[in-house]
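Structure first, commentary second.
FYI, side chains are in, hydrogens and waters are out, and symmetry mates aren't considered; it's all heavy atoms of this structure. Note that the numbering runs from 1 along the sequence shown for the chain.
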Amino acid sequence: MKINANFRALKESYLFSTVGAKFTAYQKAHPEKRVIKLSIGDVTRPLAPVVVSAMERAAREMGDAATFRGYGPDATCYAYEPLLEAVRARYARRGIALGSHEIFISDGAKSDLSNLLDLFSAENTVLVPDPVYPVYVDTNIMAGRRILYAAAVRENGFLPLPDAKVHADIVYICSPNNPTGAAYDRAGLQAWVDYAVREDAVILYDAAYEAFIEGGLPHSIFEIEGARECAIEICSFSKTAGFTGIRCGYTVIPDSLKREGVQLCKMFARRQSTKFNGVSYITQMGAAAAFSEEGERQILENIAYYKQNAAKIGAMLDAHGIYYTGGKHSPYIWMQCPKGMTSWEFFDALLERACVVGTPGSGFGKNGEGYFRITAFATKENTAEACRRMGDFLDSL
Ligand code: PLP
C-alpha cells in the first residue's frame, strides 16, 4: 500500500503542538516557576448560566423514556429545530434570511473547514492570507492542492485585497483575522466577492471571531451583495460562547451557491449524511440557549471581560512604545517583537525571562516573522500578572 504522500509536505508538527511542547519542557525543567500561558486561543470564562440550564434540562430529557432521543433528524443533517431557529434568528437580526437547509450544525469550525474541502477537486488552486490560522494551509497540503498566498502586512493594514492578475478557485478569508485581529470593512469584502464572482471562485469565510466585532463592520459575508453566489461561512460557538470544550459550530451554504450547475449545499448535505452523525442533543440545546435573548446578553459579558484583558495588554505595549494591532475586533494582540528579534527568539526570551508563553508569529506564515501573538483569553488576574512580567522584561532589554 501507499500512504498519502502529501503528508510529507507538512511541517513536522502543528504550530500549537510545538508551542505546547516547549512550554511542557520548560515547566518540567523549572517546576518551581509559574508559567502564564497567553498562547493557544482557549477560553477561561465558564459557560453562561442559560447555557448550563439548557444543557441540564436536555440531559434530564435524555434520561426519561418519554423524551429520550437517539440519532438526530436526518432531514436536517442531524440539526435540531431550536438550534436552527436560533441561528436563523441571529442572522435575521443582521437582515440576512436563511433557510434551514442552508445551515449545517457541526462540532466546530475546525472540522468543517476541512470537511468542506470534500466538495472541491484537488486540482483547484487555493489562496490563503499570510499570516493566518494554520489549518487552511495544512488541510490543503494534505489534499495536495496548490496554495498561493496573499500578503497581510502592516502596509495593507493586514487586510490583503484581491490581485486581478492572480487566479484562485478557493479563497480563504478570516475576519476578524487570527492572528492579526484585523477585520474587513464592507468595501474590502465587496472587493473579494466581486473577485470570486469574476473568477468563478468560492470564498471560505471563517467568522469564528465575529462576536468580537465592534461598530459598523460586517459580521457576516452575507451582508455583502453577491456573496450568496460565491461564499460559504464557517462559524463557531467556541470563542463566541465558550464552547471550546463542548464543541459546536455552524456552516452556512446558501442554496444559490452553485458550481458546474450543482448546488453546493446539496453536495454538503450528501457528504454529511455519509460521513457525519451530528452533534449531541445536549450540546445543541446549550448552543441554542447561547443565542437566545438572555444568552446573547450573557455571552457578551464574557466577551467584554476578554476585551478588558486586551486593553490591558495594549496599554502595557503602548507604555513601552511597542507597535501592535488587534485586540479591538478580536481577542488577539499582534505585536512586533522588540529589538529586531525573530518570533522564536522573542518566544524563548519571554519564556525564560518572564515565564510567559505566547505564539510566535512566524508559525502563522512567513509574513508573521518578527511578530508575536498574545491572547486576551486568560483570566483577569493572570493577564495582569503577565503584563507586569512582560513590562519588566521589556524594560530590561
Ligand atoms: N477558525 C479560526 C480562525 C480559529 O482561530 C479557530 C480556533 O482557534 C477555529 C476556526 C476553530 O474553532 P473551533 O473550536 O470551532 O473548531
Side-chain angles (χ1 to χ4, degrees), residues 42-43 45-94 96-116 206-211 219-220 232-254 265 268-300 302-303:
D42 201 355
V43 294
R45 300 296 300 150
L47 294 172
V50 280
V51 170
V52 177
S53 305
M55 292 180 82
E56 281 171 350
R57 246 186 342 265
R60 273 193 297 275
E61 284 179 43
M62 294 298 266
D64 180 339
T67 47
F68 170 78
R69 289 170 172 82
Y71 289 119
D74 49 21
T76 50
C77 284
Y78 319 107
Y80 287 97
E81 188 47 40
L83 180 52
L84 289 173
E85 180 47 39
V87 172
R88 269 200 308 265
R90 186 166 166 95
Y91 275 92
R93 288 193 279 280
R94 301 198 199 294
I96 300 162
L98 294 179
S100 293
H101 61 293
E102 297 175 303
I103 303 168
F104 296 85
I105 301 303
S106 70
D107 65 341
K110 195 188 209 181
S111 318
D112 263 5
L113 281 162
S114 151
N115 296 338
L116 283 163
D206 185 342
Y209 298 96
E210 63 83 12
H219 285 242
S220 165
I232 294 176
E233 183 157 293
I234 302 101
C235 292
S236 171
F237 287 90
S238 283
K239 314 299 160 81
T240 303
F243 271 50
T244 49
I246 304 284
R247 310 301 309 145
C248 196
Y250 49 99
T251 289
V252 176
I253 312 180
C265 65
F268 197 58
R270 183 70 183 82
R271 187 245 174 238
Q272 295 297 75
S273 66
T274 302
K275 294 195 180 182
F276 186 60
N277 252 338
V279 177
S280 84
Y281 175 68
I282 299 170
T283 296
Q284 292 197 43
M285 292 306 103
F291 283 174
S292 64
E293 205 180 318
E294 177 57 15
E296 294 219 341
R297 199 190 57 71
Q298 292 180 6
I299 61 179
L300 279 174
N302 283 347
I303 289 174

What side-chain donor-acceptor pairs closer than 3.5 Å can you find for residues 241-253, not counting sequence neighbours?
{"from": "T244", "atom 1": "OG1", "to": "D42", "atom 2": "OD1", "distance (Å)": "2.6"}
{"from": "R247", "atom 1": "NE", "to": "D107", "atom 2": "O", "distance (Å)": "3.2"}
{"from": "R247", "atom 1": "NH1", "to": "S238", "atom 2": "OG", "distance (Å)": "3.4"}
{"from": "R247", "atom 1": "NH1", "to": "T244", "atom 2": "O", "distance (Å)": "3.2"}
{"from": "R247", "atom 1": "NH2", "to": "D107", "atom 2": "O", "distance (Å)": "3.1"}
{"from": "T251", "atom 1": "OG1", "to": "D112", "atom 2": "OD2", "distance (Å)": "2.7"}

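- Salt bridge R88/E102: absent, no basic N to carboxylate O contact under 4.0 Å.
- Applying the side-chain hydrogen bond (donor to acceptor under 3.5 Å, both in side chains) criterion to Q298, with sequence neighbours excluded, gives E294.
- Contact between Y80 and Q284 at its shortest, heavy atoms only, is N-OE1, 2.8 Å.
- Residues satisfying the salt bridge (charged side-chain N to carboxylate O under 4.0 Å, His left out) criterion with R93, sequence neighbours excluded, are E296.
- Atoms CZ and OH, from F291 and Y91 in turn, are 8.0 Å apart once rounded to the nearest 0.5 Å.
- Taking CD1 of I234 as the start and CZ of F104 as the end, the distance is 12.0 Å to the nearest 0.5 Å.
- Partners of E233 under the salt bridge (charged side-chain N to carboxylate O under 4.0 Å, His left out) rule, at least two apart in sequence or in another chain, do not exist in this structure.
- The structure places OH of Y209 at 8.0 Å from OG of S236, a figure rounded to the nearest 0.5 Å.
- Minimum interatomic distance between V50 and A289 (heavy atoms only, all atoms of both residues): O-CB, 3.6 Å.
- Tested against T274 for a side chain to side chain donor-acceptor pair (under 3.5 Å), the candidates Q272, R270, R271 yield a single pass: R270.
- Smallest separation of non-hydrogen atoms from F276 and S106: CZ-CA, 4.1 Å.
- Residues P73 and E81 have side chains not in contact (no heavy-atom distance under 4.5 Å, counting atoms from C-beta outward).
- Applying the salt bridge (Lys or Arg N to Asp or Glu O under 4.0 Å) test to every pair with at least one member in residues 62-77, sequence neighbours left out, gives these pairs: E61-R69.
- Residues passing the salt bridge (charged side-chain N to carboxylate O under 4.0 Å, His left out) test with R94 are E210, sequence neighbours excluded.
- In this structure, CZ in R90 is found 6.0 Å from OG1 in T240, a value given to the nearest 0.5 Å.
- Between M55 and T283, the shortest heavy-atom contact is CE-CA, 4.2 Å.
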| message | Would F237 and I299 count as a side-chain contact (heavy atoms from CB on, under 4.5 Å) here? Give the steps. | response | CA-CA 10 Å; F237 287 90; I299 61 179; over 6 Å; no

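- Scanning all heavy atoms of the two residues, the minimum distance from A288 to L83 falls at N-CD1, 3.6 Å.
- Atom CD1 of I232 sits about 12.5 Å away from atom CG of D206, to the nearest 0.5 Å.
- Looking at every heavy atom in both residues, N277 comes nearest to Y71 through ND2-CE2, 3.6 Å.
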